[in-house]
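Everything below concerns the one structure shown next.
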Amino acid sequence: MDIVFPADQQEGTEAVLAQWLKTPGQRVAAHEAVAEIETDKVMVEVAAPAAGTIAEVRIKAGDAVNPGDVLCTFTPQGEDAAPTSDKATRENAPPDSLPDTEAATGSEPNRSQLSPAVRHRLLKHGLDPGAMTGSGRGGRITLADVEAYLQRQQATGAEPQTTRTATSASTAASTAASTAASTAASSPVLKPGESRQVPHDNMRRRIATNMVGSLMHTAPHVTAVFEADLSAVMRHRAANKAAFAARGTPLTLTAYFIAASVAAIAKVPQVNSRWHDDYLEIFADVNIGIGTALGDSGLIVPVIKHANEKSLSKIAADLSDLTVRARAGKLKPADVRDGTFTISNHGVSGSLLATPIIINQPQSAILGVGKIEKRVKVDQVDGEDVIKIRPLCYVSLTIDHRVLDGYQTNSFLGEFTRTLENWPA
């Protein structure tokens, strides 16, 4: 039987077979992942429909795939199958696959304990998981452990410990060449006059294409900037943060920005829309995407669906769940679909103002939130000007000028800031 790439699993404009998790002849359990497909948004695992063995691989790692493509042929358990020995499986495995066990020392973590995002990062940098100490449950290696390891190596100038294999001489030579290329690309140590080349991954290429297309070819971008006083929000958060934490939900400022966006969209519904050549499609559902940085691996935008129907508590819980899964590489295609509006909380990385923040097509606007700083603000008290120190930030709305004009833009930002500044205690 054939294992195909399902149409409902692709989210993005391009998909690439990132790696095979199983090789021909290797035993596979029912519903066990056999391959990973990378799009510009998520990493998708393709699972075996039943227990059995991989018969023949039809698409190589690194090749583009489309919905409906046959990835491999599969022999269900009980039918004519001739699974190879474990040794033969290791020797026939692709050079870029991580071993299930470490024959020499027995110290390398079992591959099943590594998440798709962790395996992808280890392969990308040619790293040996046996050189790391896992901080996850049961000692599992997390994405944060890999990033911390790379940062330590960069700080000390040490060479990363690359993947060890127990294979034939030809496979070992191929692996060494691949590892050397990966190490050379990722190493931060360069001699004077040298440079390094880091190949674009699929996510980075698609981000580049989408951003250029949005800014240069699709929508005329215009940005307006307001200043928001977060004193009321800060008071509410301080009073409720512990209670939220007791329920297992972090109460972040982004949750307030989502709720305030819902209020502003209720006043200016055109912000929650999509431009068509003959009409403007205004959505009843407010599905807010949150730009989430993945370090050097790019950016992803998980979507909080039906935010207009949710309380602050539910928004905070959904936001925490999506953010954690995004950074662990565990988002599903449905988690990044159907967004109608996007927030870029760029201030978390230190910027006061970013412009233009490029619209996430085919949406009509994107909100930017800058770094929160204590700044001097002049207020009036009993008719007198009084200088106060307030937690302030710049908020911007970048619009598609085909859809929105200055009046609607400023109305949105006015309602957004009023909602934050008058947040009930």
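All of these numbers come straight from a predicted model, not from anything done at the bench. Values below: all heavy atoms of this structure, side chains included; hydrogens, waters and symmetry mates excluded.
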## Note on the structure
Contacts of V225 meeting side chain to side chain contact (heavy atoms under 4.5 Å, CB included) (sequence neighbours excluded), chain-then-number -> T223, L353, Y394, S396

### Query
What pairs meet the salt bridge (Lys or Arg N to Asp or Glu O under 4.0 Å) rule with one or both residues in residues 232-252, with sequence neighbours excluded?
none

### Query
Is the number of heavy atoms from other residues, nucleotides or ligands under 6.0 Å of K371 NZ greater than 12?
no

### Task
Mind jotting down which residue pairs meet the salt bridge (Lys or Arg N to Asp or Glu O under 4.0 Å) criterion with at least one end in residues 408-425? Sequence neighbours excluded, please.
E415-R418

### Task
Kindly write out the residues that satisfy ring pair (Phe, Tyr, Trp, His ring centres under 6.0 Å) with F341, not counting sequence neighbours, or none if the list is empty.
F412

## Note on the structure
Residue set satisfying side chain to side chain contact (heavy atoms under 4.5 Å, CB included) with T249, at least two apart, ordered chain then number -> F244, A316, A317

### Query
Looking at residues at least two apart in the chain, or sitting in another chain, which of them share a ring pair (Phe, Tyr, Trp, His ring centres under 6.0 Å) with H31?
none

### Task
Tell me, please, which residues at least two apart from V386 pass side chain to side chain contact (heavy atoms under 4.5 Å, CB included).
V381, K388

### Query
Pairs in or reaching into residues 306-318: which pass salt bridge (Lys or Arg N to Asp or Glu O under 4.0 Å), with residues at least two apart or in two chains?
K310-D318, K314-D318

## Note on the structure
Rounded to the nearest 0.5 Å, the CD1 atom of I366 sits from the CD1 atom of I343 at a distance of 9.0 Å

#### Entry: Qualifying residues under side chain to side chain contact (heavy atoms under 4.5 Å, CB included), relative to V262, sequence neighbours excluded
V286, I288, A307, N308

#### Entry: Pairs where residues 256-268 contributes a residue and the test side-chain hydrogen bond (donor to acceptor under 3.5 Å, both in side chains) is met, not counting sequence neighbours
H236-Y256

### Under the ring pair (Phe, Tyr, Trp, His ring centres under 6.0 Å) test, residues paired with Y407 that sit two or more places apart
none

### Task
With rounding to the nearest 0.5 Å, note down the distance linking CG in N287 to CG in D338.
6.5 Å

### Pairs where residues 58-76 contributes a residue and the test salt bridge (Lys or Arg N to Asp or Glu O under 4.0 Å) is met, not counting sequence neighbours
E56-R58

